[in-house]
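Single-structure report; data block below.
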Amino acid sequence: MSKTGIIPFGPQHPVLPEPIHLKLVVEDERVMEVYPAIGFVHRGLEMLAAKKDINQMIYVVERICGICSMMHGMTYCQALEELMGLDIPPRAKFLRVIWAELHRIHSHLLWLGLFADSFGFENLFMQSWKIRERIMDMLERTAGNRVIISVNIIGGVRRDMDDSTLRWILQEISGVEKDLSGLKDMVLNNYTVKKRTVGKGVLSKDEALRLGAVGPVARGSGIARDLRATGYAAYGELDFEPVVEKEGDCFSRSVVRIREIYQSIDLIRQAVSKMPSGEISVKVKGNPPVGEVISVVEQSRGEVFYYIKTSGTQYLERLRVRTPTFANIPALLKMLPGCELADVPVLILTIDPCISCTER
Amino acid sequence: MMALQDIIKRSLHRSPWIVHYDCGSCNGCDIEVLACMTPIYDMERFGMINVGNPKHADILVVTGTVNQKNKDVLKSVYDQMPEPKVVVSVGICAASGGIFRECYNVLGGIDRVIPVDVYVPGCPAKPEAIIDGLAMAARKLEEKVEKKRRAI
Amino acid sequence: MITKVLAAAFFSVIISTLAGGILTGLDRKLTALMQGRCGPPVWQPFFDIVKLFSKEPMVVNDFQVLAAFAYLFSEILAVALFALKTDLLMIVFIMSIGSVFYIVGAMAVRSPYSQVGAQRELFQMVVYEPLLMLVLVGIYFETGSFNISGIMEREPLIIQLPLFFLVLSLVLDIKMKKSPFDFSASEHAHQELVRGIQTDYSGPYLAMVEMAHWYELVVILAMLALFLASHVVLGILLSMLVFFAEIVIDNITARMTLKWMVGFSWCAGILLTFSNLAYIYIRR
Amino acid sequence: MLGNIKSVLLNLAKKPVTRMYPDVKRNYFENTRGHLINDMEKCVLCGICQRVCPSNCIKVNRDEARWEYNPFECVLCGVCVERCVKKSLKLDSAYRQPASSKYRVELLMESREEGKAAGKVKSLA
Amino acid sequence: MMMDSKEVKVENLLQQVQKYLDEGYRLVTETCVKENGGYKIIYTFEKDYIMENIHIIVNDMEVPSISGIYFCALLVENEIQDFFGLKFGGLAVDFKGRMLLGEESPVGPLASVEIVRKEKGVKE
Amino acid sequence: MVKILLSSSIVFPATVGAVSFFARNTGLRKAMIILSSFLIAVISILIAFYLKIPGLYYFYGSQYLPDLIIKLGDFFLIFYILWISYKISEPKIAVFTLLQLIMLVYFDFFVLKESEVPFFFADELSILMNLIISIVGSIIAIYSLGYMERHERLHHVSPTRQPRFFAIVLMFIGAMNGLIFSNSLMGLYFFWEFTSLCSFLLISHDGTKEAAQNGARALWMNMLGGVAFIAGIIFLYTHYGILSLDELLKFSGGNYITIFVALLGFAAFTKAAQPPFESWLLGAMVAPTPVSSLLHSSTMVKAGIYLLLRLAPIMKGSILSNIIAIYGAYTFLSTAVLALSQSNAKRILAYSTVSNLGLMIASIGINTSSSIAAAMMLLLFHAVSKGLLFLCVGTIEQEINSRDIEDMKGLILKMPVTSLITSIGILTLMIAPFGMLLSKWLAMEAASRHFAVAMMMAAGSAVSVIFYSRWIGNLISTTKMGVLGRIRKCKEKLPNSILFALESLAFMAVAMSLFVGKIFNALIKPEINLMHMELSIRAASGYLSNGGIGGFSVYPVFIMIFLAGLLSLMTIKNSPALHTTSYMCGLQHNTMDYEAKNYYLGSLFNEDRFKRYIDFISAALILLLMGGSII
Ligand code: NFV
Ligand code: SF4
Ligand code: SF4
Ligand code: SF4
């Protein structure tokens with residue numbers, strides 16, 4: 001007789017914000033094997049590229065995911081801009097940076113809340129989402145929508161921020177920074193949180209490389225890789241260092257994300273102070289030429305990869321999106337076997353999964 | 001007897017428990033539903049808590065489109081809820097499939113699978129709209145009880 | 001005589017129902033406030049209970065019905081017996097009847113979540129039952145009695161048994177299933193086990209389980225108050241203080257895992273009781 | 001952990017941050033995209049909005065002089081607003097109310113010849 | 001960045017991929033595109049922010065899986081199976097074309113998609 | 001009359017046993033066994049009513065004859081065992097038997113002086129034991145009729161070995177009766193050895209290799225105990241000239257008496273399979289289940305407790321007694337933890353038997369009036385409930401061909417009657433108001449002055465809740481909906497004898513708890529008075545008051561459980577409860593794919609290693625005990 005039970009995890013499950021299914025083979029509290037099943041969010045929107053023209057597709061790719069939507073739009077637009085040889089105005093680049101970094105902050109805070117929830121720290125969830133609401137307000141004021149902000153167009157951005165708005169952003173962001181200190185304390189200096197995260201789900205640098213981990217997961221394992229360093233948008237003109245932690249466990253990944261929030265705050269400040277004036281978009285004429293292009297952007301969860309093949313018409317021949325979570329799932333599958341059942345949500349959340357991105 | 005009925009109805013209205021199923025949404029509506037629980041919107045003021053378990057819930061909040069894989073899941077989540085129950089569809093994806101309705105893997109709105117009582121439009125729906133929708137759902141709960149009582 | 005006893009028991013049950021509901025509501029309200037939100041009204045739990053009772057009775061396994069009834073009734077009995085100032089150890093034993101039924105009821109459902117939740121609850125029981133008994137034994141050590149009436153005659157126990165008081169607070173925390181001890185059934189349901197042991201109780205049966213929790217809460221708070229029994233008001237204040245502290249702890253801790261919890265509570269419990277015993281010996 | 005206790009107790013002492021929503025209504029930022037409205041007095045039924053809409057939720061029927069819009073398909077992107085030559089479309093900052101059944105918005109341009117327009121809402125399940 | 005990639009014979013694929021692994025490249029992803037009636041599978045590798053692409057051209061044949069070399073390739077290869085109805089040989093975990101798709105979803109949906117040319121000004 | 005009754009309580013079963021050995025006609029044998037079981041039970045009841053107790057009685061007929069028989073029997077036994085040890089070539093048995101032989105020869109021929117003592121000594125304890133042995137024993141014997149038939153059919157045993165089986169079982173019952181009634185220590189010793197032999201014969205009854213091995217282990221361990229036993233007797237006789245119980249009970253204590261107590265205590269520990277000797281009891285589980293039920297849970301192992309109870313007044317107040325308390329509590333806890341890691345139902349029961357015996361030993365060690373009362377109550381309630389549970393496992397095993405509690409998932413649908421009875425049996429062991437818990441309560445209150453003991457007791461009883469409740473959980477857990485309806489439809493076919501045994505034992509287990517006050521007043525109170533202890537407990541109509549310390553009233557709890565049961569039945573009936581599937585994350589369509597298993601903590605401690613630690617510590621405790629006795 002085997003004493004191993006099989007426990008389903010998902011698709012409808014309160015700790016999983018999104019539906020995936022894991023079949024956990026457990027003995028006592030220990031997870032022996034994991035069989036994943038995905039596809040509950042798969043819509044098949046890559047195929048829409050054949051039905052919607054390139055401008056309409058912006059709004060489709062933004063809806064790949066509501067958390068990182070702006071950066072999806074940005075990646076898509078950057079790809080087409082590259083293909084069409086457009087040089088977008090510098091102000092648009094800086095605005096993109098601000099929105100992208102706001103998105104990163106909101107995404108990390110959102111993750112922190114869910115992560116806290118995964119180990120039963122309700123207050124932390126509430127606190128981080130409370131702070132996150134300030135970011136949402138900023139997004140709503142600047143872009144008109146809380147979540148899917150739809151600011152990118154091919155050739156620039158749709159909305160401008162006037163000086164008073166920028167000042168308001170600086171002021172708000174300082175408020176966020178102040179609020180964050182208590183939150184940071186709750187994650188980094190809390191004995192119980194440490195006990196739940198330190199040494200859990202260790203991913204060594206080598207493994208991270210081989211499994212193709214990206215973003216905070218890779219950076220938490222000591223891989224100093226942040227695509228923003230390649231200088232797309234206005235990142236080339238801003239000053240920053242990729243955040244790296246060495247241990248490769250859940251705790252160091254959390255530290256990476258929390259430090260990245262501060263980094264983003266800093267980047268926003270820089271961007272606001274260096275904000276050039278001028279146009280926010282260029283006029284785009286005609287259809288894109290035939291060609292293939294790859295565009296990568298550092299999303300909040302890591303590198304997102306767009307492959308676009310054009311056909312010379314206003315429709316794309318092929319659009320392919322490889323999202324960071326897609327790249328991080330193998331790492332998750334490596335972490336899970338051997339962990340405790342109670343750690344399963346913690347490990348899942350530690351890669352900050354975004355299934356709607358993954359399955360599109 | 002009347003008073004008891006009133007108390008019951010009032011309690012239904014005052015403590016609707018919610019189960020949220022993300023049925024292939026883009027997370028946009030999802031996080032807005034979650035945002036309703038956070039300090040800023042705090043739907044626990046109305047006694048609404050996200051119980052995460054259909055067996056305890058009165059209101060099923062669904063976000064996102066129905067696809068081939070999750071239609072059964074959605075159905076069985078709905079089936080497991082004890083009566084009286086109502087369904088709230090949040091966002092246009094859940095209402096009609098939204099921008100994805102032409103995709104090959106999308107069946108359309110959730111009303112293809114389960115009966116929907118309240119539609120909250122928006123992409124994503126605003127937290128205030130969601131709260132309004134939930135309040136409407138709570139009223140529907142009462143109506144259902146009333147209807148059942150009449151039937152008896 | 002017998003009518004008097006019955007009346008006393010009856011009133012105590014009514015009062016503790018009210019107290020349990022209000023306390024749970026207070027707990028929710030305070031938690032909300034500590035998180036910076038507004039929170040539900042204090043009487044929210046009553047709405048919940050009434051609502052749950054009015055829902056469709058849905059079960060997976062008929063034994064769940066028995067389990068819910070037995071759980072509720074044994075906790076009610078415990079409350080009544082407490083009010084009648086009987087043997088504390090017996091009260092603990094009777095409370096554990098309820099817990100056993102509760103667990104077995106969850107196990108009767110072949111759902112992985114209830115079952116794992118039940119397993120965890122069992123291990124939790126292994127922790128709190130002995131600790132509870134140790135506390136009682138400690139009280140006996142000091143007062144020479146297990147009877148509440150006997151205990152109440154003594155000087156404030158808190159002076160002699162401060163650490164036992166802490167152990168009892170620990171038990172309260174475990175029994176309340178508040179963070180960090182909420183791994184068998186999280187109050188907020190955001191855990192790997194959904195609602196753990198309560199997953200498959202629903203409708204009226206969930207209501208019964210909830211109410212049984214209220215009574216448990218009341219009994220243990222009353223036990224805490226016993227430590228200052230000579231001044232009833234102070235005693236109640238003391239137990240409320242512990243209750244408040246528990247809510248604060250709930251808000252600053254992550255959930256424990258099974259192994260960690262068993263290890264921690266046992267070590268803490270034994271360490272505390274033994275140091276208190278040593279203290280008593282030294283004082284004598 | 002002590003710091004945590006402090007912050008928790010501080011929260012307890014402070015007023016909750018909750019926006020008491022139904023009692024206190026929030027003022028939206030001016031360009032918040034709440035819901036789409038069409039001013040039929042201005043609309044010329046040119047059909048641009050139908051073509052640019054990423055979600056295909058506008059139908060312009062010139063023959064019947066009808067502008068149709070499905071609020072349960074609209075993603076509120078605002079493209080139609082930007083592209084409308086007559087500036088007849090507008091995204092209001094208030095959100096659309098939840099409904100117990102899906103409906104379409106049908107705006108008829110009556111007595112078109114006279115150059116006068118009158119809007120009329122029709123809901124279809 | 002604009003993409004350039006060099007073609008690799010299917011037989012040499014594994015060898016080539018192994019070489020990338022040995023040199024410390026990270027597998028970014030694989031991309032499948034319909035091209036001239038066949039399929040082009042592009043393998044993207046990355047090291048120090050530099051992307052390198054190789055591609056193979058396949059028809060309806062079984063494609064060798066590189067999930068033995070890069071474990072993380074298994075997800076994307078399953079995805080290609082789903083989308084294009086191709087077959088990969090030697091997948092570490094094979095979902096049999098049903099990783100993302102349900103039992104009743106169309107088979108190889110992207111393989112059959114043609115651009116619906118919706119010309120400007122044409123009413124539907 | 002009384003003499004006849006007493007004598008026949010020993011001789012009658014033995015004779016019937018001997019006769020049944022030769023009864024080749026199945027029907028006849030069956031009838032004989034049923035009849036004689038009935039008679040045995042009747043005799044015990046008559047004894048309980050007619051005996052004037054405490055009292056000394058001579059054997060019916062001659063008074064020298066029994067002495068002679070016992071003397072001869074001793075030697076016969078020893079040589080027989082020697083022969084066995086030669087046949088199965090187990091040197092350990094031979095060594096210990098030879099040691100006994102040497103001591104016996106020395107004692108019988110060189111030390112012992114002729115004296116005339118009454119053969120029988122009877123007091124409430126003996127009566128209690130006698131009732132258990134005769135009633136539970138005969139019920140088990142009847143059960144065996146059905147069981148052995150199926151057993152032999154399942155194992156293709158032919159020609160039938162049933163005559164041998166029943167002969168040993170019945171003789172064993174006689175021997176047990178002899179053990180508890182005999183006044184002379186030599187008689188006690190003889191019967192003690194005889195039960196060891198019976199145990200060996202029955203363990204190896206199936207004749208498999210494993211059975212033979214485990215039988216051998218049981219025998220050598222018990223022989224080791226025998227060595228200590230005879231050594232103790234010699235010690236006692238040479239120092240104080242005492243050779244009978246009545247003198248021993250009157251004895252007011254001497255300096256070295258603790259050595260005697262320690263030696264006999266050691267013998268008792270081996271008999272009660274306390275660690276480090278628990279392995280024989282575990283091994284004994286290969287025996288046909290009625291054997292486990294009769295010998296290895298309800299009666300024979302209780303002989304150890306009986307002996308310790310007899311020694312209790314002598315060691316009162318000594319350090320030895322305290323060490324025994326700690327040792328018992330330790331056993332209680334550690335073997336309960338061992339049981340935790342088991343999924344084999346018989347092993348669970350075996351470990352928990354050892355564990356409960358440890359609890360009794362601990363109570364005896366505490367040695368106050370309430371703790372002795374607790375021990376005696378435990379003795380009684382445990383015998384009935386555990387015996388019942390073993391029978392249940394046997395029945396289930398024959399049906400589903402497994403003893404694993406994981407395989408018993410959903411058994412309620414297949415074998416509703418057995419499962420319900422099993423659940424009731426488990427409940428009587430696990431929760432108040434049933435006797436076991438009542439006695440645990442008494443023991444806890446008695447132990448409160450010994451903090452360490454109380455702690456281990458509390459922990460141990462909490463641990464046992466785990467393995468019992470998950471067993472019930474497994475029995476009644478189903479995926480099928482509408483359990484009660486299905487049960488009503490399901491007809492379970494059980495042989496009458498089995499059904500009778502299960503039902504009567506289950507009834508006894510529940511009813512006894514209901515009348516615990518009566519039982520206490522009739523059997524336990526006088527015995528404690530006899531032990532010259534100040535009695536602090538009072539019992540009246542379901543209320544047990546522990547002398548101002550506390551009290552337990554049973555009736556409210558019964559009423560509560562009854563009400564709960566009634567109301568739940570009513571609700572199920574009135575509102576045909578809607579049945580759903582269990583929550584499965586929305587994957588209801590393939591419910592059967594998922595299943596949680598119970599936690600056995602296999603990863604935390606591996607049984608063998610853990611057992612080694614436990615054995616080591618307990619051996620150390622026993623050494624300490626022996627040392628403590630010398631001081
Ligand atoms: N960051 C991000 Fe995404 C993208 N692309 C990814 O996994 O969130 Ni939904
Ligand atoms: S309605 Fe919009 S925001 Fe909501 S799930 Fe659908 S696409 Fe996402
Ligand atoms: S684009 Fe403007 S004017 Fe033209 S049809 Fe649409 S709303 Fe009317
Ligand atoms: S807002 Fe966007 S989706 Fe809505 S009607 Fe206008 S263009 Fe279409």
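In what follows, every chain begins at residue 1, and chains take the letters A, B, ... in the order their sequences are listed. All values below were derived from every heavy atom in this structure, side-chain atoms included, with hydrogens, water molecules and symmetry-related copies excluded.
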*Taking C/Gly36, C/Ala32, C/Cys38 one by one, which has the highest count of heavy-atom pairs under 4.5 Å against chain B?*
C/Cys38
*asked:* Once rounded to the nearest 0.5 Å, what's the spacing between atom CZ of C/Phe46 and atom CZ of B/Arg14?
replied: 13.5 Å
*Rounded to the nearest 0.5 Å, how far does NZ of B/Lys55 lie from OG1 of C/Thr199?*
8.5 Å
*Establish, from distance only, whether the side-chain atoms of B/Ser15 and C/Asp48 form a donor-acceptor pair under 3.5 Å.*
yes
*Grab the two heavy atoms, one from C/Glu56 and one from B/Pro82, that are nearest each other, plus how far apart they are.*
OE1-CA, 3.2 Å
*To the nearest 0.5 Å, what is the distance between CE (B/Met81) and OG (C/Ser202)?*
11.0 Å
*Atom CE in B/Met37, atom CZ in C/Arg37: separation rounded to 0.5 Å?*
8.5 Å
*asked:* Can you tell me which portion of C/Ile49 sits under 4.5 Å from chain B's heavy atoms? Options are side chain, backbone, both or neither.
replied: neither
*asked:* Using a 6.0 Å cut-off, check whether atom CH2 of C/Trp260 has over 12 heavy atoms from anything other than its own residue.
replied: yes
*Report the distance from atom CG of B/Asp58 to atom CG of C/Leu52, rounding to the nearest 0.5 Å.*
7.5 Å
*asked:* Please determine whether the number of non-hydrogen atoms from other residues, nucleotides or ligands lying under 6.0 Å from atom CZ of C/Phe53 exceeds 12.
replied: yes
*For residues B/Thr38 and C/Gln35, determine if any side-chain heavy atom of one lies less than 4.5 Å from a side-chain heavy atom of the other.*
no
*Taking atom NZ of C/Lys55 and atom NZ of B/Lys85, what is their separation to the nearest 0.5 Å?*
8.5 Å
*Please name all residues satisfying side-chain contact (heavy atoms from CB on, under 4.5 Å) with C/Val209, sequence neighbours left out, ordered by chain then number.*
C/Tyr71, C/Tyr102, C/Gln198, C/Tyr201, C/His213
